[in-house]
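Structure, as structure tokens:
No experiment lies behind these values; they were computed from the predicted model shown.
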Amino acid sequence: MKFRQVKKAYALMLSFLSNKVLVSLSEENTCASIFQKLKSTYLRDGAVNQILIRKRLCMLKKKEVSVQEHLNEVNGRVNQVKSCGVKISDMDIIVYILMLLPPEYDSTSAIENQPSEYISLQFAVNRLIHAEVLLKDRLVNLKRKHREVNRQTVLHFRQINELWSVSSVIEKDI
């Protein structure tokens, strides 16, 4: 590599790191040494690290993001677990994903009644994305119905108010 490219790679690598991490790398002056230091500091294969990463994975909750973004976050945590040397099957990943979804996704109905005994990760992901679309459609329809009920309620109150006004005029005439 040319010196200019090496310098660019070094600068780029440093730009992705927080100030806290940069302090611990102050003595490193090559990309390889930075990578090695980061790897030895943050990528540990020990049992304690595996437990902590699995705990973080299990405690992950779906935030106000799309299913795809949530799946990306779960996948990142799964990759962290895998990087510790743990083998995780697609079925385990599916269980993690389903566990972490809020109840409104009715996640088990998204994958139940399948003809095959094996459900691929891609199949489950596609079904969950489809379930999200259905959920959004359902919410839009509920909001639309709610607006219609509110509109009808306002109309009924206006009619009642008009009848009340008319009845009070009639009572005065009697």
Partners meeting side chain to side chain donor-acceptor pair (under 3.5 Å) with Glu69 (sequence neighbours left out) = none
Spacing of Met13 atom CE and Leu25 atom CG [to the nearest 0.5 Å] = 9.0 Å
Connected-component partners of Val23 among ILVMFWY, side-chain separation under 4.5 Å = none
Output for pair (Lys2 NZ, Lys8 NZ), nearest 0.5 Å, gives 11.0 Å
Using side chain to side chain contact (heavy atoms under 4.5 Å, CB included) as the criterion, point out the one residue from Ile97, Asn126, Asn75 that pairs with Leu121.
-> Ile97
Tell me, do Met99 and Tyr96 make a side-chain contact under 4.5 Å, heavy atoms counted?
-> yes
Shortest non-hydrogen contact between Ala9 and Cys31, atoms and distance = C-SG, 3.7 Å
Check whether any side-chain N or O of Arg77 sits under 3.5 Å from a backbone N or O of Arg56 as a donor-acceptor pair, and report yes or no.
-> yes
With sequence neighbours excluded, what pairs up with Asn79 under the side chain to side chain donor-acceptor pair (under 3.5 Å) test?
-> none
So which pairs with a foot in residues 18-33 pass side chain to side chain donor-acceptor pair (under 3.5 Å), sequence neighbours left out?
-> Glu28-Ser33, Thr30-Ser33
Are Leu134 and Leu128 in one and the same hydrophobic cluster, where Ile, Leu, Val, Met, Phe, Trp and Tyr link if side-chain heavy atoms are under 4.5 Å apart?
-> no
Acceptor/donor pairs from residues 87-95 side chains to any protein atom, 3.5 angstrom cut, sequence neighbours excluded:
| unit_1 | atom_1 | unit_2 | atom_2 | d |
| --- | --- | --- | --- | --- |
| Ser89 | OG | Met91 | N | 3.4 |
| Ser89 | OG | Asp92 | N | 3.1 |
| Ser89 | OG | Asp92 | OD2 | 3.3 |
| Asp90 | OD2 | Tyr118 | OH | 3.4 |

Can you get from Ile51 to Leu57 by hopping between Ile, Leu, Val, Met, Phe, Trp and Tyr side chains that sit under 4.5 Å apart?
-> no
Set of residues satisfying side chain to side chain donor-acceptor pair (under 3.5 Å) with respect to Gln36, sequence neighbours excluded = none
